[in-house]
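These notes are about the structure you will find just below.
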Number of protein chains: 2
Amino acid sequence: MNTPNFTAGKCSDCPIRHRAVCARCNADELVELDAIKYYRTYEAGQTVIWSGDKMGFVGSVVSGVATLTQTMEDGRTQMVGLLLPSDFVGRPGRDGAAYNVVATTDVVMCCFRKKPFEELMSKTPHIAHRLLEMTLDELDAAREWMLVLGRKTAREKIASLLSIIARRNTTPDNDSVSTVFDLPLTREAMADYLGLTLETVSRQVSALKRDGVIQLQGKRHVTVPDMTRLMEEAGDDTDGGFLI
Amino acid sequence: MNTPNFTAGKCSDCPIRHRAVCARCNADELVELDAIKYYRTYEAGQTVIWSGDKMGFVGSVVSGVATLTQTMEDGRTQMVGLLLPSDFVGRPGRDGAAYNVVATTDVVMCCFRKKPFEELMSKTPHIAHRLLEMTLDELDAAREWMLVLGRKTAREKIASLLSIIARRNTTPDNDSVSTVFDLPLTREAMADYLGLTLETVSRQVSALKRDGVIQLQGKRHVTVPDMTRLMEEAGDDTDGGFLI
DNA sequence: CGCTTCATTGACGACGTTCAAGACATGTGG
DNA sequence: CCACATGTCTTGAACGTCGTCAATGAAGCG
């Protein structure tokens with residue numbers, strides 16, 4: 001139900017039309033993209049791409065959530081990206097995948113065959129410009145996350161993750177102030193995101209609940225009565241100083 | 001002496017001509033860039049840009065080393081980027097700086113006035129393409145660093161930092177195998193990079209020295225007798241599996 | 001019902017931080 | 001030349017956060 005059925009294919013009806021890599025394209029360019037695109041679906045838990053494998057395509061997440069992870073030989077793993085609808089997957093100009101991509105919910109991807117996509121990119125500036133913009137945003141997000149990983153306590157890390165998900169994933173709430181959302185991640189995935197163990201994640205989530213910062217219905221459904229409080233717990237500036 | 005005197009201004013003689021944001025530009029485009037560029041020098045320790053300030057320019061590091069840092073209200077700081085010669089500073093399309101930029105050695109910057117640079121970017125694809133490529137590389141580096149911050153031990157972190165600096169900063173060594181370089185960072189800066197305290201950095205550097213992984217002449221001059229050993233200590237794949 | 005997966009909770013210990021003292025190098029002034 | 005100050009780094013001891021290991025609970029499914 002939070003995976004809307006979009007596998008039809010008309011770009012004009014596409015839910016991510018205005019935010020994805022194709023956002024700036026005009027009608028003509030969309031026709032060209034249309035010719036090299038196809039949809040693929042992945043079930044929750046399925047691996048989309050293995051690190052090191054040759055990639056035949058790049059693409060956008062249309063619906064669902066996927067994760068980007070790195071793994072060391074001994075099995076320690078770190079998530080390095082959370083892919084939400086409209087996020088771009090793959091790197092033009094590179095053959096091999098640098099990370100594992102795993103679907104954490106059912107996922108629909110809009111894929112472009114890589115070679116034609118690269119040619120299209122060099123012909124039309126709109127795609128390249130949008131991709132640059134998106135990459136710069138991701139770089140900012142990665143750097144924000146470096147602060148979380150390097151300097152925040154376990155409690156602050158959890159609060160940071162919750163407020164990020166809340167910001168990108170809120171379902172407009174009927175009863176006013178409080179923010180409500182579903183966690184798209186298991187405790188283990190949260191741990192991999194935050195550089196913690198799943199036990200520590202569980203403990204800190206419980207602690208935030210005990211202290212009234214969040215409420216839980218089941219294990220995944222979260223209510224935040226006071227976002228400002230949550231952001232204070234995250235150690236962030238509460239007065240969101242935004243850059244344009 | 002490791003700050004070569006380049007403040008003259010002919011792009012053709014520029015030491016970073018082939019790697020910076022201008023790398024792909026042809027002669028005509030260089031002329032246009034030339035018209036909006038100017039050089040600035042900063043002394044070691046000097047702040048180049050304050051986070052939040054309005055930025056009138058973007059630019060490239062020509063020589064020297066600078067750092068990109070984020071700071072929390074209570075003073076905890078995390079380095080999120082290490083700017084070496086040819087690296088790009090600033091974000092086209094954004095007015096305010098998101099990070100502090102501090103020169104750790106004497107630095108020469110090649111600056112472009114922001115507005116004209118943005119106009120030039122939208123006219124010529126070469127600059128935008130090169131910037132996209134560089135941004136993707138930086139994103140990869142940031143993600144690599146997330147693994148270091150989230151999952152590596154203090155000892156592995158130090159070894160990781162040393163091997164990165166060794167890779168980008170090696171002075172070709174007369175006597176064969178061993179790798180020699182100068183650390184451009186204080187212990188405190190290393191700590192800020194690695195999400196550690198300076199005491200822990202000091203202890204782990206001493207430990208690596210005691211165990212023969214590195215040798216020190218003074219506090220900054222490092223000799224690595226066996227790079228493979230160092231990379232093992234870093235927890236990295238020793239067989240550098242490279243992506244193209 | 002048993003089986004699996006995901007999550008919670010407790011006890012204990014290791015790793016890294018904190019606090020504190022001291023080493024070492026460089027520079028300044030008497 | 002020595003006394004003194006300053007900045008950078010090293011080292012030690014005590015502490016605390018988070019990881020490890022293990023048992024238990026809760027929910028979904030054949």
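Chain A is the first sequence line, chain B the second, and so forth, proteins listed ahead of strands; every chain is numbered from 1.
Put simply, the side chain of B:V89 does not reach to within 4.5 Å of the side chain of B:V58, judged on heavy atoms. The side-chain heavy atoms of A:R203 and A:V205, taken from C-beta on, include no pair separated by under 4.5 Å. Proximity of A:L216 to A:H221: side-chain heavy atoms (C-beta onward) are nowhere separated by under 4.5 Å.
Checking A:T71, A:D192, A:T67 one by one against A:T77, the side-chain hydrogen bond (donor to acceptor under 3.5 Å, both in side chains) holds for a single residue, A:D192. Here the rule is side-chain hydrogen bond (donor to acceptor under 3.5 Å, both in side chains) with B:R143, and of A:Q78, A:E138, A:Q70 only A:E138 fits it.
The separation between A:R151 atom CZ and C:dT17 atom C1' is 11 Å, rounded to whole Å. In this entry the distance linking CG of B:D192 with P of C:dT17 reads 12 Å, nearest Å. Taking atom CG on B:L196 and atom P on C:dC15, their separation rounds to 14 Å, with Å as the unit. Atom CG of B:L194 is separated from atom P of C:dT17 by 10 Å (rounded to the nearest Å). Rounded to an integer number of Å, the gap from A:K209 NZ to C:dT8 P is 8 Å. For B:Q217 and C:dA25, the CD to P distance is 14 Å, given to the nearest whole Å. B:I158 has its CD1 atom 16 Å from the P atom of C:dC15, to the nearest Å. One interatomic measurement links the two molecules: NZ of A:K152 to C1' of D:dT17, which rounds to 18 Å at whole-angstrom precision.
A perpendicular orientation is assigned to the rings of B:Y38 and B:F57, their planes being inclined by more than 60° (bins at 30° and 60°).
A:S51 and A:N100 share no side-chain donor-acceptor pair at under 3.5 Å.
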Nucleotide N/O of nucleotides 9-16 of chain D paired with protein N/O under 3.5 Å:
from   : atom 1 : to     : atom 2 : distance (Å)
D:dC9  : OP1    : B:R220 : NE     : 3.1
D:dC9  : OP2    : B:R187 : N      : 3.1
D:dT10 : OP1    : B:R187 : NH2    : 3.3
D:dT10 : OP2    : B:R187 : NE     : 2.8
D:dT10 : OP2    : B:S202 : OG     : 2.6
D:dT10 : O5'    : B:S202 : OG     : 3.1
D:dT11 : OP2    : B:S206 : OG     : 2.9
D:dG12 : N7     : B:R203 : NH1    : 2.8
D:dG12 : O6     : B:R203 : NH2    : 3.2

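Few gaps surround CD on A:Q217; more than 12 heavy atoms of other groups in view lie less than 6.0 Å from it. The number of heavy-atom neighbours closer than 6.0 Å to CD of B:E188, taken from other residues, nucleotides and ligands shown, is 12 or below.
Within 4.0 Å (heavy atoms only), B:G195 reaches sugar-phosphate atoms of the nucleic acid but no base atom.
For DNA chain C, each stem of at least three Watson-Crick or G-U pairs (distances under 3.5 Å) is given as range with range: C:1-30 with D:1-30.
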